[in-house]
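Shown next, in structure tokens, is the structure this report addresses.
Predicted, not measured: the structure shown is a model, and the values here were computed from it.
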Amino acid sequence: VIYLSDAVGALKKKELKFYDRMQDVLGELHDKQVLLGLLRMKNKVAIDIQKAIESACDTDKKEVVRLAMAKYRNHSIFPV
């Protein structure tokens, strides 16, 4: 994933929108994963909270896959 601050002006509007959304989803996923790691360090944290965050992480991962599939559906990743 590229940093958008370096890409502004170099990408088409549609590509910029894709990378912007992908960057947001990956950032949200990362934040949730960090929070889960911190919560697991505390033995008395409610299991329901951890499960809710894990579920949200799964949703973020699915969104990353959905975005990537939509982006590359008609584009070959590997040159022929």
Using 0.5 Å steps for rounding, measure from the [atom1] atom of [X] to the [atom2] atom of [Y].
X	Y	atom1	atom2	answer
L26	E28	CG	CD	9.5 Å
C57	Q50	SG	CD	11.0 Å
L67	K17	CG	NZ	10.5 Å

Pairing of K51 and E54 as salt bridge, 4.0 angstrom limit: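 Answer for the salt bridge query: no.
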K61/V65 under side chain to side chain contact (heavy atoms under 4.5 Å, CB included): CA gap, chis, key distance, verdict: CA-CA 6 Å; K61 289 175 187 176; V65 170; 5.8 Å; no
L29 with L35, same ILVMFWY side-chain cluster at under 4.5 Å: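 No: no chain of side-chain contacts under 4.5 Å links L29 to L35.
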Name of the residue among K32, R21, R66 meeting salt bridge (Lys or Arg N to Asp or Glu O under 4.0 Å) with D60: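 With D60 as partner, salt bridge (Lys or Arg N to Asp or Glu O under 4.0 Å) holds for just one option, K32.
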